[in-house]
Each structure stands twice: as C-alpha cells, then as structure tokens.
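Here the structure comes first, spelled out in structure tokens, and everything after it is commentary.
Heavy-atom basis, side chains included; hydrogens, waters and symmetry copies ignored.
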Amino acid sequence: MWNTAIPDALWCTDEHPEQIEHLVREVLDQDVVAIDTETTGLSVWGDLPVYWSMAWGQDRRVCMPIQTLRHFKPAFAEEGKRWVFANAKFDMHMLANVGVEFAGECIDTQVMHALLYEEEPHGLKEMAKHVLGWRWSDFFDAFPLLLVPDMSKPAKMLKGGGLSQPNRRETLRELWARVEQNHLSRLVDYASNDAYGTLRIYEKLLKELHTTPIHSLYSTWLPTMEALFFHTEAPFTKVLYTCERNGVYVDRDYLQTLREPMEAEKDRLAREARTLTGSMTFNINSDDQMREYLFKKCGLAPLTYTKGGKTGDKKPSVDKGCLEHYQHENRMAAIALRFSKLDHMIGTYIDGMDEHVDLKGRIHCRFNQDVARTGRLSASNPNMQNVPKPDSDEFKLRRAFCATPNHSLLVNDYEQLEMRLLACATVTDQNPAGAKEMIQIFLDEKDIHMGNAAMVYGPLYEKQHGWRMGYDDLVNAKKTDKKVKAGELPESALDQHCQLALFARNAIKSVGFGLNYGMKEKKLARQLGISEQEAIAIIDAYLDTYPAVSEFYAAAIEETRGHGFSFSILGRRRYHPSINSYNKYDRWSDERKAVNMAIQGSAADLVRMAMIFIHRAGLDKKLGCRMLLQVHDELMFECPNETIKEAQSIIGPIMQNAFKMCPDPRAGDLAVPLTISSGIGHDWSSAK
DNA sequence: GGTCAAAGCGCG
DNA sequence: AAAGCGCGCTTTGACC
C-alpha cells in the first residue's frame with residue numbers, strides 16, 4: 001500500500017450528470033492532466049478500457065467508468081493541453097478503442113525517466129519508488145481476496161493475445177464487475193492511484209530535466225534536457241502511436257503456404273531420424289535422446305560438456321557447436337541442425353506472427369521508446385525488427401508483409417548511416433578537415449568499404465606485390481562476389497589480385513564496423529581467419545590512414561572518463577559506471593559502449609527526427625500515406641498507388657535532411673550527405 | 001504445474 | 001580467464 005498520504009479519490013458515474021459537468025469544466029481549465037486506464041487486458045488491438053482515472057492540480061484524482069469519456073471530448077480536442085501518462089501509447093490505444101484521440105500533447109513519464117535514468121527500470125511502480133520514494137501495491141496486493149483461480153498470478157494477464165484465449169476478456173470484465181460491486185472504494189483508490197502518482201512523477205522529472213546538464217551538438221535548439229525531451233521524445237511518442245495503430249498488413253494465406261513445405265521437411269527429417277535410431281519414439285528435440293544416440297550408439301567423442309546447473313552433473317553437450325562439428329560425418333547431426341532451424345522459423349515467424357494478426361489482417365507491434373540504452377527503438381509483440389531478410393531467407397518471409405489492394409509499400413533505407421555519421425563526427429573545431437579522405441569517398445558517392453580498402457590496402461599491396469590496388473579494381477573484383485579468407489587465396493596472379501581485392505574490402509568492412517563496436521584484434525582475427533598480428537596490422541593501417549577516426553574514438557572515451565556519461569549528437573546520455581574501473585575488462589566494456597553510443601545513438605537521433613518531421617508533413621491526410629515500421633535505419637510506408645510517387649518525393653528529402661531541418665545554427669554542419677535508397681513494391685521483399 | 005536464466009538466432 | 005554494440009522470441013534445462 002501507499003506509504004504516503006494522498007488525497008481522497010472521487011468516483012463519478014453517468015448517473016450524476018451535474019457532477020460530471022463540473023469535472024469537465026475543471027478539466028478544461030487545466031493545462032496538465034494525468035490519465036490512466038484499467039482494461040480488459042494488455043492487447044492494444046483486442047482489449048478495451050473499463051475504467052479511466054484522471055489527476056490534476058495538487059489534490060484532484062477521480063475514477064470513472066469508461067462510458068463517461070464522451071463528456072470530456074471537448075477537453076480531448078483542445079490542442080494546447082498536455083496529457084500525461086505512464087506508458088502513454090498503451091492508454092492512448094485503449095482510449096482510441098473507444099473513440100478518443102488527443103489533439104494535445106501526450107507525455108510519457110516512462111520516456112522522461114528513460115532520458116534521465118537510462119540505467120534504471122522505467123515501470124510505473126519502479127519510477128514511483130525511485131523518483132518519489134513511494135511504494136504502492138499492485139493489483140494483486142490491492143485485491144488479495146478477489147482472485148479467480150486462474151488469475152492468481154500477474155503473468156496470466158501479461159501473456160497471450162485475445163484470439164488464443166477467447167475466454168480471457170470476459171473473465172477480466174467479470175472480475176472488474178465483481179470488484180466494482182463489492183469493493184468500490186478500493187477500486188477507486190487503486191485505479192486513481194496510478195494517475196495521481198504519474199502526475200507527481202511528471203512534476204518531479206520535469207524539474208530534473210530542467211536542471212540536468214546536457215551535452216548537445218545543437219545547444220541553441222537544445223539547451224537543456226527538458227528541450228531534448230520536448231523537442232524529440234514527446235512528439236516521437238505520438239508518431240510511434242500512429243505507426244502502431246496503423247499496423248502492417250499480413251498475407252496470412254501466404255504465411256500458411258510457407259508452413260507446409262517447412263512442416264513437410266520436418267516430418268521427413270523426423271522419419272529419417274527414427275529410421276537411423278530404429279526407435280519409433282525418437283525425438284530430435286530431446287537432448288537426452290540425442291546424447292544417447294550420438295555418443296553411445298555412434299560412439300562420437302564428446303567435445304564439450306554442459307554446465308550441470310546446481311546438481312552439477314555435467315553431460316556431454318549436443319549444442320550447435322557440437323552438431324556443426326559432426327554434421328559432415330554424422331547424418332543425425334545434420335538432421336538435428338536443420339530441424340532446429342525449421343523449428344525456430346516456424347515458431348518465431350509463422351506461429352509467432354500469426355498470433356498477432358487482428359481482425360483486419362494487420363499486425364500492430366509495439367515500438368518501445370524506453371528500452372534501448374542508445375535511444376534506438378525496440379519492437380515487440382511481435383518483434384517486427386528481426387524478420388529474416390530475403391537474401392538469406394529461402395522461404396521469403398518478408399513477402400508476407402504487404403500492401404492492401406490499390407496500395408503499395410514504400411521502403412526507404414539510410415545507406416551506411418553509421419559510417420557516414422562517423423565520418424561527420426571526425427570533423428571538430430580542432431580538426432575542421434576531419435577524416436577528409438573518407439569524407440571524400442562519400443562526397444564522390446563511392447562505396448565506402450571499397451574506398452576504405454583502396455585507401456588502406458592500396459599502399460600496402462604496392463609494397464608487398466608491386467601492384468597498386470585502386471577503387472576500380474575493387475569494383476571489378478566485387479563482381480565475382482565471393483567471400484574470401486586469407487588462407488583460401490589462389491595461386492594464379494590474375495586471380496590473386498581479384499582475391500586480394502575482395503579480401504581487402506571484406507577485411508576493411510569488418511574493421512570499419514567492428515571498431516564502431518569497440519572490436520579488438522582477437523575477434524577480427526577470428527572473423528577473417530588471420531593471425532592476431534595481421535589483424536593488428538590491419539587495424540593500425542586503418543587508423544593510420546584516418547587519424548581523425550582514431551581521434552574520434554579516443555575523444556569519445558576520454559570525454560566519458562571525465563563525467564561518466566557518453567552522449568549522442570542531440571545530447572542523450574548513457575551512464576558508464578565502470579569507465580574508470582581498475583578492472584580492465586569492465587573498463588573496456590564501458591569504452592566499447594561509450595564509442596558505440598556516440599554513433600548508434602546519433603543514428604537513432606537522426607531517424608527519430610526524420611520520423612517526427614515526416615509525421616508533421618501530414619502525408620496521411622494529404623496523400624493517404626501511412627508510416628508503418630521502423631527498423632533502425634529503414635522506414636516503411638503504405639500508400640495508395642496514385643499518390644505514392646508524390647509521397648516518395650517528400651519522404652526521401654526529409655530523411656536525408658532530418659538533422660538539417662532541426663532549428664539550430666549548427667544543424668547544417670554535416671560533412672557528408674546522408675543518402676537513402678528507396679523502393680516501391682507490393683510487399684516488403686519487392687519494395688527493397 | 002510454473003518461473004527463471006541461458007543459449008541460440010533473427011534483425012540493425 | 002575474461003576482448004564487437006543494440007535489441008526480442010523460442011526453446012531448453014534447472015529448479016520449485
């Protein structure tokens with residue numbers, strides 16, 4: 001229960017119109033109102049609100065049945081109002097499910113909290129404890145005697161969508177009805193607590209945002225963390241709400257046709273496994289049976305052992321590494337690998353996606369604004385950001401996500417966004433030229449990895465082989481398009497040049513990406529199949545070619561050592577408590593994260609601004625063009641065929657100029673253009 | 001019967 | 001002894 005004194009809560013129903021009228025007038029007078037809902041469940045597309053609560057001023061809190069909402073529509077329509085939530089998008093969806101849209105600003109205290117305390121949990125209860133020092137009960141503490149048998153654990157409420165549990169919604173409705181009938185005052189108290197606490201958290205965090213120092217490149221536009229929040233995060237919440245609400249259409253029939261060959265192959269594999277073992281009950285998924293077969297029956301030598309857990313009995317491991325090792329000499333190992341792969345694909349992408357399809361055939365994933373420490377989004381229920389891409393997916397899952405009739409998908413991708421931002425970041429007041437050769441590669445619109453390879457390996461190969469590898473050699477070599485490792489280089493001289501060029505591009509690409517993640521020589525050596533000495537030589541050559549890149553990494557770490565935080569371009573902070581640790585592994589870990597924050601965090605900043613500006617362009621109303629998905633450096637839209645070309649001509653430039661459109665004198669400073677690729681098609685596969 | 005963490009794998 | 005960042009989902013194994 002609460003450990004602090006709070007004002008009495010008001011219960012108000014349609015049966016008292018004069019009381020409601022009074023409340024409406026009061027709410028219309030407020031600039032800031034906190035809202036919370038109690039619902040039939042957690043599915044944004046399948047559930048409905050049952051009660052809603054508001055809090056405003058110093059002591060007002062009220063709980064009402066959801067039917068009273070309609071009286072407050074004039075307040076919802078006010079553009080100047082600020083509505084405060086905890087987990088805003090969820091409540092916005094619930095209220096939208098009964099016809100309410102907010103014209104005003106929608107603020108999420110969890111996102112505020114994430115901006116200030118990225119390292120802390122952002123749940124309402126946790127925030128109340130952390131920000132206010134309050135402890136309060138959750139539903140199951142508040143109503144310990146009421147629980148229906150199968151609802152005895154909160155997790156029951158969390159799991160599953162509506163369709164898979166047809167009785168769940170009724171159950172919860174009934175539960176609420178019982179609570180209202182028998183324990184009204186506790187219901188009102190409990191329900192309005194969240195709105196009241198949310199408002200108090202908002203006030204406290206608002207002050208903290210105002211006083212917390214910011215390190216933003218655009219310090220005129222974003223002089224405080226408060227500005228960062230209100231200019232970037234707050235509007236973003238509404239953009240994401242719109243994306244979630246739109247959802248992406250799924251061709252369920254296509255998804256089903258994918259399942260058949262996968263299940264058929266699984267059946268074949270299972271049959272073969274049963275034949276091999278001679279056991280009709282052999283289960284490929286059972287590690288114990290697999291151990292028995294591989295190590296006892298086939299006599300294979302165990303490679304590693306399981307940890308043994310608490311009982312400590314270590315068993316021979318039948319994990320992926322083991323199966324891969326034996327896949328060529330033992331048919332069962334190959335069967336198990338393939339079987340697992342198919343199982344994973346079906347479970348995650350066929351069944352997993354199908355569970356989330358709504359009555360209109362669309363999937364509404366959640367875009368989490370307060371999860372990734374770098375400021376990226378994460379996506380869940382389902383995760384639409386890890387759908388296999390067609391070039392590595394034999395089943396072409398992405399074709400299932402498509403446009404509705406007379407519409408097409410527009411998919412825009414930033415090209416090498418993080419490498420471009422790295423190049424931009426090398427330009428500083430001390431070094432205005434930055435990594436000028438790298439910048440030139442981008443300005444010439446060349447492939448950055450080929451350009452880097454020519455820069456780094458050109459002089460090196462000239463010394464070693466008397467042959468100067470240029471950019472064009474790399475372009476020609478790429479046409480053979482074969483991954484190559486150092487040990488596999490062929491004999492003939494002509495081939496050798498080609499293979500060397502390919503290796504050079506592949507290696508330098510790994511170095512470029514890897515260093516942005518803080519990779520060291522050991523990992524690079526393993527990845528490229530070369531010695532650690534060679535790996536060190538490549539890294540050194542790269543950093544010697546671009547001293548400004550080296551300085552950027554050093555500066556990012558040095559700055560973080562100074563105040564314990566790393567920063568993205570716009571000023572999002574990430575806390576690194578071990579950056580000065582005497583334990584070098586802890587220290588290195590934070591150094592890697594600090595370097596990555598500067599790049600990945602800034603990329604997230606850019607895409608966030610692009611989405612906000614695109615949202616502001618009002619393409620939905622003007623052209624019927626709806627934003628559906630963000631996959632970190634990629635945006636997907638659905639648009640009527642007649643207007644999609646026009647939408648494309650508007651969206652592309654906004655994405656490319658998202659930083660430049662920020663109202664700050666330094667906003668035009670970027671040293672390289674941020675280009676995009678753009679595609680239109682019927683589905684996610686053909687639009688790229 | 002259920003929870004939890006780790007492993008494995010998908011994406012950027 | 002430790003060495004690439006950021007995520008989410010499913011399955012598994014250990015445990016209660």
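Sorted by first and then second residue, the pairs that involve residues 570-581 of chain A and meet side-chain hydrogen bond (donor to acceptor under 3.5 Å, both in side chains), not counting sequence neighbours, are A:E233-A:R572, A:S566-A:H576.
When the nearest nucleotides of DNA chain C are assigned to A:Y517 and A:Y349 by heavy-atom distance, the more 5′-ward of the two goes with A:Y517.
Between A:T374 and C:dG6 there is no side-chain N or O to OP1 or OP2 distance below 4.0 Å. Close to C:dG4, at under 4.0 Å from its OP1 or OP2, lies no side-chain N or O of A:S589. Between A:K593 and C:dG4 there is no side-chain N or O to OP1 or OP2 distance below 4.0 Å.
Among the heavy atoms of the strands lying under 4.0 Å from A:A379 are primed sugar atoms or P, OP1, OP2 only; no base atom is included. A:K523 comes within contact range of at least one nucleobase, with a heavy-atom separation under 4.0 Å. Within the nucleic acid shown, A:V595 has no heavy atom closer than 4.0 Å to any nucleic acid atom. The residue A:R574 sits close only to the backbone: its heavy atoms come under 4.0 Å of sugar-phosphate atoms, none of a base. Nucleic acid contact class of A:R592 (heavy atoms, under 4.0 Å, all strands): sugar-phosphate only. Using a 4.0 Å heavy-atom distance criterion, A:K389 is classed as a sugar-phosphate-only contact.
Between the NZ atom of A:K509 and the C1' atom of C:dG4 there is a distance of 16 Å, rounded to whole Å. In this structure, A:Y585 places its OH atom 9 Å from P of C:dA1, rounding to the nearest Å. Whole-Å rounding puts the A:R398 CZ to B:dG10 C1' distance at 10 Å. Spacing between atom CG of A:N368 and atom P of B:dC11 amounts to 20 Å, rounded to whole angstrom units. Rounded to an integer number of Å, the gap from A:M353 CE to C:dT10 P is 9 Å. Put simply, CG on A:N583 is 12 Å from P on C:dA3, counting in whole angstrom units. When the P atom of C:dC9 is taken as reference, atom CG of A:N383 falls 6 Å away, rounded to whole Å. One can place CZ of A:R366 at 14 Å from C1' of C:dC9, the figure rounded to the nearest angstrom.
Considering only the side chain of A:K520, C:dA3 comes nearest among C:dG8, B:dG10, C:dA3. Side-chain proximity of A:S380 to the nucleotides C:dG6, C:dG4, C:dG8 is greatest for C:dG8. Closest to the A:T348 side chain, of the nucleotides C:dT10, C:dC7, C:dA3, is C:dT10. The side chain of A:Q527 has C:dG4 as its nearest neighbour among B:dG12, C:dG4, B:dG10.
A gap of 16 Å separates the P atoms of C:dA3 and B:dA6, to the nearest Å.
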Taking distance alone, no hydrogens or angles, what donor-acceptor pairs closer than 3.5 Å link side-chain atoms of residues 509-524 of chain A to residues at least two apart or in another chain?
unit_1: A:S510; atom_1: OG; unit_2: A:N506; atom_2: O; d: 3.2
unit_1: A:S510; atom_1: OG; unit_2: A:Q527; atom_2: NE2; d: 3.0
unit_1: A:N516; atom_1: OD1; unit_2: A:Y553; atom_2: OH; d: 2.6

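Taken together, the paired segments of DNA chain C that extend over three or more consecutive Watson-Crick or G-U pairs, each closer than 3.5 Å at both contacts, are B:1-12 with C:5-16.
Remark: A:K89 fails to qualify as a cation-pi partner of A:F367 under the 6.0 Å distance and 45° angle criteria applied to the six-membered ring.
Residue A:L628 holds its CG atom at 12.0 Å from CD1 of A:I363, rounded to the nearest 0.5 Å.
One finds a salt bridge joining A:E634 and A:K688 here, because a Lys/Arg side-chain nitrogen approaches an Asp/Glu carboxylate oxygen to under 4.0 Å. Between A:R366 and A:E244 there is no salt bridge, since none of the side-chain N atoms of the basic residue sits less than 4.0 Å from a carboxylate O of the acidic one.
A:H364 and A:D358 are linked by a side-chain donor-acceptor pair at a separation below 3.5 angstrom, with hydrogens and angles left out of the test. With hydrogens and angles left out, the side-chain atoms of A:E415 and A:S677 include no donor and acceptor closer than 3.5 Å.
For A:H563 and A:H215, the ring centers are positioned less than 6.0 Å apart.
Side-chain to base pairing of A:N386 with B:dG10: one donor and one acceptor N or O lie within less than 3.5 Å of each other. No hydrogens or angles were tested; on distance alone, a donor-acceptor pair under 3.5 Å links the side chain of A:Q600 to the base of C:dC5.
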